[in-house]
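Order of the sequence lines fixes the chain letters, A, B, ..., with proteins taken first and strands second; residue numbering starts at 1 for each chain. All heavy atoms count here, side chains included; hydrogens, waters and symmetry mates do not.
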Protein chains: 2
Amino acid sequence: MEKAEKRGRPKTLEREHVLQTALMQYWGVSPTDVSIGEICKLTGASKPGIYREFGSDDGLKCAALESYRSLALLPLFDILKRDQSFAAAKAALVAFTTQDREALGVPSGCLFVAMRTQRGNLGSATGERVDLLREEVLDAYMVWIETAKSRGECSAQIPNDAAALYFDAQNGGAMRMQKEGVDNATIATVLRYAFKMIE
Amino acid sequence: MEKAEKRGRPKTLEREHVLQTALMQYWGVSPTDVSIGEICKLTGASKPGIYREFGSDDGLKCAALESYRSLALLPLFDILKRDQSFAAAKAALVAFTTQDREALGVPSGCLFVAMRTQRGNLGSATGERVDLLREEVLDAYMVWIETAKSRGECSAQIPNDAAALYFDAQNGGAMRMQKEGVDNATIATVLRYAFKMIE
DNA sequence: TATCTTACGTACCCATAGTTACGAAATAAA
DNA sequence: TTTATTTCGTAACTATGGGTACGTAAGATA
């Protein structure tokens, strides 16, 4: 598994460490308020080192977003795609969204939501990735609702695309509340009421 | 009405013009992505002139927020306090939120919502004003719901504080959708479904 | 040992943004 | 006309942040 010894000076930059640090900072602080210099201080990496590894600020953010997708978005997709009742999925969504972040050692709020509101301040690579992810999320919601309707578990008249926007908006609202310091129990209450609507 | 002639060089800085320009920029672009220098270019005012008039970046933002309150938040409070049925008020909220901004010559989205998400990047004066306004908004929703319940127009079991957060979240979501380019008709659909929940 | 290759990191460049020092200009009062 | 007063705006200062030039270190190969 070890890569054969290559020529030249061996690389010492810890890619994963830098990436995880960047992710946590972007997530916990804000994707547009954490400088490369800050990441350097926190990881001990040098600026040129980070640029060699990620190409640019945009590249680092993009890589962090990709990590975030694996970490926080895939579980969401999993809930929506899992073979379970509409009601069970909604409950799982509430539970997932209002997890105790502190206990999990993970920041509150949602990096993806933050990047969407900061869309205009992101580099092209990250920005376009955000757009794609948005599509992916809305699509996942839509397929989920479609399935629920076809199974007769959801008889709401709302069009599927509007319903997808609706669920996405609820999630966004929950993340914003979390950032504003509303406690998770209250957020869960709000979400349950919001999700009760469509059934 | 004209102020008596005062000593010293007469003031030439057009306060209202600067304030309105700043408001529209903060609103249309983002409160944290418009520099004083930009406002200067747009209004012809000089930097020291603006500092003399508003004290600081924080002061200008705070003044702009105050203007925004009069322009966009008071009408909201008016809807909530007006003597009308719960259903009528909800309809009015939807209509107000999804007005054709272009036709009104006003940016899409909501400066107050934007400032809330940017809370950490605001100066102390603006930041604290934002906090106060948030209280004011949540309070207005709460009184409104309380009244509706006491009138028997709303029988939802949701606690009043959670309901206030709920409506606030819906509004925030709508503003975000508007910024992301979702058309007002779709937003109205989503909002109507969201508001249908509590009745 | 000499050379080629690759990565390292200090120190810098440049642009932007908030802020202000300060001399000039304009007006009323003396 | 001189003086006191008030505002004006150019040109700076300082800090920050994205990005990089370049000489050096560390290993493989010859």
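- Among D:dG18, C:dG18, D:dG19, the nucleotide with an atom closest to any side-chain atom of A:S56 is D:dG19.
- Comparing D:dC8, D:dT10, D:dA21 against the side chain of B:L13 picks out D:dC8 as the nearest.
- Taking atom CG on B:D33 and atom P on C:dT16, their separation rounds to 14 Å, with Å as the unit.
- Under 3.5 Å, the side chain of B:K47 and the base of C:dT20 form no donor-acceptor pair of N or O atoms.
- Atom-to-atom, CD1 of A:I50 to P of D:dG17 comes out at 13 Å; the value is rounded to the nearest Å.
- Residue-to-nucleotide contacts include a donor-acceptor pair under 3.5 Å from the side chain of B:R9 to the base of C:dA25.
- Mapping B:G8 and B:Y51 onto DNA chain C via the closest heavy atom, the residue that lands nearer the 5' end is B:Y51.
- Residue contacts for B:P10: at a heavy-atom cut-off of 4.0 Å it reaches the sugar-phosphate backbone alone, with no base atom in range.
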CA sep, side-chain torsions, deciding dist, call: A:D58, A:T126, side chain to side chain donor-acceptor pair (under 3.5 Å): CA-CA 6 Å; A:D58 192 21; A:T126 310; 2.5 Å; yes

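- Looking at the side chain of A:S46, the nearest of the listed nucleotides D:dG19, C:dT10, D:dC8 is C:dT10.
- Remark: B:T12 is in phosphate contact with D:dC8, judged by side-chain N or O atoms under 4.0 Å from OP1 or OP2.
- Looking at A:D139 and A:R134, no side-chain N of the basic residue comes within less than 4.0 Å of a carboxylate O on the acidic one, giving no salt bridge.
- Computed from coordinates, the B:E38 CD to C:dA15 C1' distance equals 15 Å when rounded to whole Å.
- Aromatic ring pairs are classed by plane angle as parallel below 30°, tilted from 30° to 60° and perpendicular above 60°; the pair A:F86 and A:W144 is tilted.
- The existence of a salt bridge linking B:D83 and B:R151 is confirmed by a sub-4.0 Å separation between a basic side-chain nitrogen and an acidic carboxylate oxygen.
- Atom CD1 in B:I39 sits roughly 11 Å away from atom P in C:dA17 (whole-Å rounding).
- Here C:dT5 is the nucleotide among C:dA28, C:dT5, C:dC8 with the atom lying nearest to any side-chain atom of A:R7.
- Taking atom CD1 of residue A:I36 and atom C1' of nucleotide C:dA11, one finds them 18 Å apart after rounding to whole Å.
- Of the candidates D:dT7, C:dG18, D:dG19, the closest approach to any side-chain atom of B:R52 belongs to D:dT7.
- One interatomic measurement links the two molecules: CG of B:D57 to C1' of D:dT14, which rounds to 16 Å at whole-angstrom precision.
- No salt bridge links B:E180 with A:R119; every basic N to acidic carboxylate O contact stays at or beyond 4.0 Å.
- Between B:Y26 atom OH and C:dA17 atom P the separation is 12 Å, expressed in whole Å.
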